[in-house]
Amino acid sequence: MPSYTAPIDDMQFLLHDVLEVTGSDVPGYGDLEREFTAAILEEAGKISAEVLHPLNVVGDRQGCRLENGVVRTPDGFRDAFDQLRNGGWPGLDMPQQYGGQGMPYVMNSAVGEMFSAANQSFAMYQGLTHGAVAAILTHGTDAQKDMFVPKMVSCEWTGTMNLTEPQCGTDLGLMRTKAEPQDDGSYALTGQKIFISSGEHDMAENIIHLVLAKIPGGPEGIKGVSLFIVPKFLVNEDGSLGDRNGVVCSSLEDKMGIHGNATCVMDYDGATGWLLGEEHKGMRAMFTMMNEARLGVGMQGLAQAAIAYQNAVDYAKDRLQGRDVTGAKNPDGPADPIIVHPDIRRSLMDQRSFVEGGRAFLLWGASLIDRAHRGEDTEADGLISLLTPVIKGFLTDEGFDMTVKAQQVYGGHGYIEEWGMSQFVRDARIAMIYEGANGIQALDLVGRKLALDGGKHMMGFIDLVKGWIKENGGQDDAFDRDFVEPLKKASKDLQAAGMYFMAQGMKNPNAALAGSTDFLHLFGHVCLGLMWARMAKASRDALAAGASDTAFHEAKLTTGRYYMARRLRATALHLARIESGADAVMALDADQF
């Protein structure tokens, strides 16, 4: 059976030595003293390891059951959800006026990685609620906030997002769900939504659905979509629950993974709902939730890679197979542990360098959200908008790849369910698909985000990298060789790809779009290269200052050198593919496939 240990030391290093949160001018960061964050992370780690992780395999094997319109969650889920509620974890970064604890989003992201690594299916019930609250806080009326937000912050009530229908996924302009205006100002919603995570369950008194629908007579296509609050149970003026609304879960999807989360088909039959935001502006409101969800999904890809890597390391140290070609390392035993073999080391270093670099990337992204929202920094807001598809797409593509590599370390045992590696692979796979499939993320990045505000945010990222290189290069020959020069080369590849798109995009759009996934991965590698350069500097400086945890910092530098030497070089390959254009991609006629 697999195990989980929360990466508290690594998170503390990132918060305090790399992001330097207490020295930041972001409101609220000054309160994040090392002892304070340690206490939060240690408690979250304890819950993750002792409460959530033991239920991971239970959820995978039992799944959810639909009984007379009610979804029964796996054994132990309800008690665990009560523990999270009682501990105030769902409201960690929520406004204090609605019962939250008001901490920065970066702390929620760190805790979220632990919860998701320990039990991704379980963490989704809380995570989707968090996104729904964000949408209501941003676009709701004061009355809507007062009615729904406090009990959603506490997770007495949970939330969902309802977008997809049988005939439309990404192209939401094709949706058929209708919202008929009523005399009392409410709307009657009728239609069917599919793939609704946490759409029905037995862990909360009420479920607040955010539903996209069209008001008859509105504009055609996506411009005619509005967003509505549709509770499972109607809520009386005093906040008590009233009658059951006209929404039911008609079936559960039989899925490849995340079995412990209820993925529902939801039928709306004249269900009462209230407009959230403006008429025909539903996508604007829903994107508040979707963008947060995309960052959360990127975190899921990272989290599954992290727990898979932990267990692969343990197995590689214990499994005896063959002898080290340079001489026996376990001479008293029948064979050496497989961790002595170079190809196993390569696989583990790929995993480790991704997990630690990806964690830094995720927390940096969270700090940009804090700077944008708490500090009202428009440049940070533009930068995180640019990086959102990279965080979602790159971390989930690579995260899945790393779970497969971890499974491979186990050999045949990795394919046997009792060892647990199969679940990590299956659970990680969905992250590449939902909240906008990664191909869509790549198209959004190249087709929309690069040119947003005249390309200001992309140029801002390039300037950020150049600024770091200028500030930190030329002081240490070894550091320049190992970190500064590889980052400079990779950033030049990114700039060259951007220039290619600018030159080709208008006259041959396919030439740009054919390279979109390669560009997303090129961008992701540069982001992790920047993170590794920043981490290496922090560890180098800590060692020079006489840090007591020398083994930690030396390992950080070694892992960073591996990433820069072996993984970051992929930017050249991605650039070559991009510059090959669309001819080879589009050459085969559709009827020849």
Side-chain angles (χ1 to χ4, degrees), residues 5-26 29-42 106-107 110 306 309 313 345 348-368 371 461 463-491 525-569:
T5 302
I8 296 170
D9 289 345
D10 200 41
M11 289 180 174
Q12 285 283 84
F13 166 71
L14 292 171
L15 289 171
H16 298 286
D17 297 339
V18 179
L19 296 176
E20 299 179 319
V21 289
T22 54
S24 170
D25 59 354
V26 175
Y29 272 37
D31 297 330
L32 300 179
E33 296 291 343
R34 192 178 291 267
E35 294 77 13
F36 177 67
T37 59
I40 294 170
L41 296 178
E42 286 168 6
V106 72
M107 291 304 299
Y309 163 71
V313 169
R345 290 288 185 95
L348 293 176
M349 288 300 287
D350 280 353
Q351 295 168 54
R352 179 182 180 125
S353 64
F354 165 74
V355 168
E356 294 183 9
R359 180 176 295 129
F361 186 25
L362 187 75
L363 292 184
W364 178 52
S367 73
L368 290 174
R371 181 169 293 279
F461 176 81
D463 287 343
L464 186 154
V465 176
K466 286 182 176 178
W468 192 93
I469 290 171
K470 182 178 181 180
E471 181 180 348
N472 295 282
Q475 303 170 16
D476 180 329
D477 289 346
F479 188 78
D480 284 353
R481 180 193 67 238
D482 294 341
F483 294 98
V484 176
E485 291 303 320
L487 179 60
K488 183 185 296 184
K489 173 63 173 64
S491 68
H525 277 298
V526 173
C527 288
L528 261 66
L530 175 62
M531 294 300 101
W532 270 114
R534 292 179 63 182
M535 287 189 286
K537 178 180 182 297
S539 281
R540 182 198 65 180
D541 292 349
L543 289 171
S548 58
D549 48 348
T550 56
F552 174 92
H553 292 294
E554 287 171 352
K556 187 68 70 176
L557 285 164
T558 300
T559 308
R561 292 188 190 99
Y562 179 89
Y563 192 89
M564 306 305 269
R566 298 267 309 203
R567 302 287 294 165
L568 190 58
R569 290 176 183 268

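Throughout, numbering of the chain's residues begins at 1 and tracks the sequence.
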Could you pull out all residues at least two apart from [X] that satisfy side-chain contact (heavy atoms from CB on, under 4.5 Å)?
X	value
Arg566	Arg346, Tyr562
Val26	Ser24, Tyr29, Asp370, Arg371, Arg374
Lys488	Ile469, Glu485, Lys492
Asp17	Phe13, Arg34, Ala538, His553

May I have all residue pairs that pass salt bridge (charged side-chain N to carboxylate O under 4.0 Å, His left out) and include part of residues 545-560, sequence neighbours excluded?
-> Asp10-Lys556, Glu356-Lys556
Taken to the nearest 0.5 Å, the spacing of Leu362 CG from Met11 CE works out to 8.5 Å
When rounded to the nearest 0.5 angstrom, what is the spacing between CZ in Phe483 and CG in Leu530?
->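 Phe483 CZ to Leu530 CG: 12.5 Å, rounded to 0.5 Å.
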Applied to residues 467-477, the side-chain hydrogen bond (donor to acceptor under 3.5 Å, both in side chains) test, sequence neighbours excluded, yields none
Of the non-hydrogen atoms in Thr550 and Leu543, which two are nearest, and what is the gap between them?
->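 Smallest interatomic distance, heavy atoms only, reads CA-CD2, 3.8 Å.
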Minimum heavy-atom distance between Pro486 and Asp480, given as atom pair plus value |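 Looks like CD-O, 3.9 Å.
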Using only heavy-atom distances, determine whether the side chains of Arg567 and Ser353 contain a donor-acceptor pair under 3.5 Å.
->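 No.
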Would you say the side-chain atoms of His16 and Thr37 include a donor-acceptor pair closer than 3.5 Å?
->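 There is such a pair between these side chains.
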If only atom types and distance count, is the side chain of Asp482 paired as donor or acceptor with the main-chain N or O of Arg561 below 3.5 Å?
->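 Checking the backbone N and O of Arg561 against the side chain of Asp482, no donor-acceptor pair under 3.5 Å is found.
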